[in-house]
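First the structure, in the form of structure tokens, and then the observations on it.
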Amino acid sequence: MHNITELRGWERLLKRMIWAQLGELKGKTILDFGSGEGITANHFAKDNHVVAIEPWDEMLNNRWKDYEYRQIRGDASILAEFEENTFDVILCHNVLEYIDDKESVVNELYRVLKPGGMLSIVKHNRAGRIMQAAVMLDDTEKANELLDGKNIATSKFGAIKDYEDKVISEWNTGLKCVDSFGIRTFWDLQQNQEKHDLEEWQEKMMQLEMRVSQMDEYRKIAFFHHLLFTK
């Protein structure tokens, strides 16, 4: 049985905040699009029917599967196999940044989402990335490139192609944004990395992060934005 404490401090706190912002989900049909190692799919599979889609074999080989859920190896083209109005909840976390045709994917997610259903999108926020580059990484060159609007390759998935929060509703006018949260506002700036794995520190930092997650001045500089839409 996997435990969230196995994760690195930053990833553990990220998952905990996203799950808390999603609230209690029970008896739902959930799609986790871009499920990675299945940590979130596995978490919600305890009380829900979950379908997970992931193209990377490396992720699938290490996936968490303590609870039963359907895992599909594939990309956005797999969505065409599902009927309209299939899912109560769709999760799309740190995925769209690596896709060129974001609008088509969002429209497909909308198609398979039930009326009244919830679409959860977690995305990078450029202002937060600039803060991280300048302060945590001490990389002024990267910070300047981000300020210039360049897409910088920062992971094995390639360049992060930033996009503004507002364009999601422009891509599909049937999606209504009902909540917007900031995530990872402070903890990257805390340089004592040894503290990040301590459960007591995690709890206190999460309380602080959750407190400011919907305050606009802090959300603007958060590393991630978590947007909730309804159909």
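Side-chain contact between D165 and V167 is absent, with no heavy atoms from C-beta onward closer than 4.5 Å. Side-chain atoms of I160 and N151, non-hydrogen and from C-beta on, never get closer than 4.5 Å to each other. Side-chain contact check for C177 versus I168: every heavy-atom pair is 4.5 Å or farther apart. Contact annotation: the side chain of N125 never approaches that of R219 to less than 4.5 Å [non-hydrogen atoms, C-beta and beyond]. L208 has its side chain out of reach of Y218: every pair of non-hydrogen atoms, C-beta onward, lies at least 4.5 Å apart. Residues N85 and L113 fail the side-chain proximity criterion, which asks for heavy atoms closer than 4.5 Å. S180 places none of its side-chain heavy atoms less than 4.5 Å from the side chain of Q214.
Applying the ring pair (Phe, Tyr, Trp, His ring centres under 6.0 Å) test to H226 and every residue at least two apart in sequence or in another chain returns H93, F181. D88 is linked by a salt bridge (charged side-chain N to carboxylate O under 4.0 Å, His left out) to K114, counting only residues two or more places apart in sequence or in another chain. Legend: residues meeting side-chain contact (heavy atoms from CB on, under 4.5 Å) with Y110, ordered by chain and number and at least two apart, are N172, L175, K231. With sequence neighbours excluded, no residue forms a salt bridge (charged side-chain N to carboxylate O under 4.0 Å, His left out) with R70. Qualifying salt bridge (charged side-chain N to carboxylate O under 4.0 Å, His left out) partners for E37, counting only residues two or more places apart in sequence or in other chains: none. Among residues two or more places apart in sequence or in another chain, the side-chain contact (heavy atoms from CB on, under 4.5 Å) test is passed with A20 by M206, M210. The salt bridge (charged side-chain N to carboxylate O under 4.0 Å, His left out) search around E200 returns K204, not counting sequence neighbours. Scanning for ring pair (Phe, Tyr, Trp, His ring centres under 6.0 Å) contacts around F223 gives H124, with sequence neighbours left out. Under the ring pair (Phe, Tyr, Trp, His ring centres under 6.0 Å) criterion, W10 pairs with no residue, sequence neighbours left out.
Interatomic distance, H196 NE2 to W187 CH2, rounded to the nearest 0.5 Å: 9.5 Å. If you take CD1 on I221 and CG on D216, they are separated by 11.0 Å, rounding to the nearest 0.5 Å. Atom CG in L31 sits 10.0 Å away from atom NE2 in H49 (nearest 0.5 Å). The distance from the CG atom of L146 to the CD atom of E141 is 11.0 Å, given to the nearest 0.5 Å. Note that the NZ atom of K28 and the CE atom of M118 stand 8.5 Å from one another [nearest 0.5 Å]. Here CG of L96 is found 11.0 Å from OH of Y98. Values are rounded to the nearest 0.5 Å.
Between Q21 and S213, the closest heavy-atom pair is NE2-CB, 4.0 Å. Taking every heavy atom of both residues into account, L228 and S120 meet most closely at CD2-CB, 3.7 Å.
Both L109 and I53 are part of a single hydrophobic cluster, where members link through side-chain heavy atoms under 4.5 Å apart. No path of Ile, Leu, Val, Met, Phe, Trp and Tyr side chains, each step under 4.5 Å between heavy atoms, connects L60 with I78, placing them in separate hydrophobic clusters. No path of Ile, Leu, Val, Met, Phe, Trp and Tyr side chains, each step under 4.5 Å between heavy atoms, connects L22 with F33, placing them in separate hydrophobic clusters. Both V106 and I90 are assigned to one and the same hydrophobic cluster, defined by single-linkage of ILVMFWY side chains at heavy-atom distances under 4.5 Å. The hydrophobic cluster containing L227 does not contain I18, counting ILVMFWY residues as joined when their side-chain heavy atoms lie under 4.5 angstrom apart, directly or transitively.
Under 3.5 Å, the side chains of S35 and D32 contain no donor-acceptor pair of N or O atoms.
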Note to self: What verdict does the side-chain contact (heavy atoms from CB on, under 4.5 Å) test give for K102 and N107, after you've listed the backbone C-alpha separation in whole Å, the side-chain angles of each residue and the deciding distance to 0.1 Å?
What the structure shows: CA-CA 9 Å; K102 298 173 177 57; N107 284 326; over 6 Å; no
Margin query: I'd like to know whether I39 forms a side-chain contact (heavy atoms from CB on, under 4.5 Å) with L7, so could you lay out the CA-CA distance, the side-chain angles of the two residues, the decisive distance to 0.1 Å, and finally the verdict.
Written below: CA-CA 10 Å; I39 299 167; L7 300 176; 3.6 Å; yes
Notebook entry, point to check: Given the rule in the side-chain contact (heavy atoms from CB on, under 4.5 Å) test, do F229 and S169 qualify, once you have shown the distances and angles that lead to the verdict?
Noted result: CA-CA 9 Å; F229 297 87; S169 295; 3.5 Å; yes
Item checked: Derivation and outcome, side-chain contact (heavy atoms from CB on, under 4.5 Å), residues Q132 and I130 -> CA-CA 5 Å; Q132 185 200 42; I130 293 167; over 6 Å; no
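Pairs passing the salt bridge (charged side-chain N to carboxylate O under 4.0 Å, His left out) check and including a residue from residues 166-181, sequence neighbours excluded, do not occur. The ring-ring contact (aromatic ring centres under 6.0 Å, His included) pairs that include a residue from residues 59-88 are H2-W64, F82-F87, where partners are two or more places apart or lie in different chains. Each salt bridge (charged side-chain N to carboxylate O under 4.0 Å, His left out) pair with one or both residues in residues 13-23, not counting sequence neighbours, appears once here: R16-E199.
No side-chain donor-acceptor contact under 3.5 Å links R73 to the backbone of D57. With hydrogens and angles ignored, the 3.5 Å screen pairs no side-chain donor or acceptor of R12 with any backbone N or O of E6. In terms of modelled atom types and a separation under 3.5 Å, the side chain of T86 and the main chain of E83 share a donor-acceptor contact. Formation of a donor-acceptor pair under 3.5 Å by the R111 side chain with backbone atoms of L79 is found in this model. Side-chain atoms of E97 never come within 3.5 Å of backbone atoms of K161 as a donor-acceptor pair (strictly under, hydrogens ignored). In terms of modelled atom types and a separation under 3.5 Å, the side chain of E209 and the main chain of T185 share a donor-acceptor contact. Looking only at distances, a side-chain donor or acceptor of K123 sits under 3.5 Å from a matching main-chain atom of Y163. Of the possible polar contacts, one joining the N48 side chain to the L25 backbone as a donor-acceptor pair under 3.5 Å is found. Between the side chain of N42 and the backbone N or O of G38, no donor-acceptor pair lies under 3.5 Å. With hydrogens and angles ignored, the 3.5 Å screen pairs no side-chain donor or acceptor of D148 with any backbone N or O of K150.
Between K26 and E24 there is a salt bridge, since at least one side-chain N of the basic residue sits less than 4.0 Å from a carboxylate O of the acidic one.
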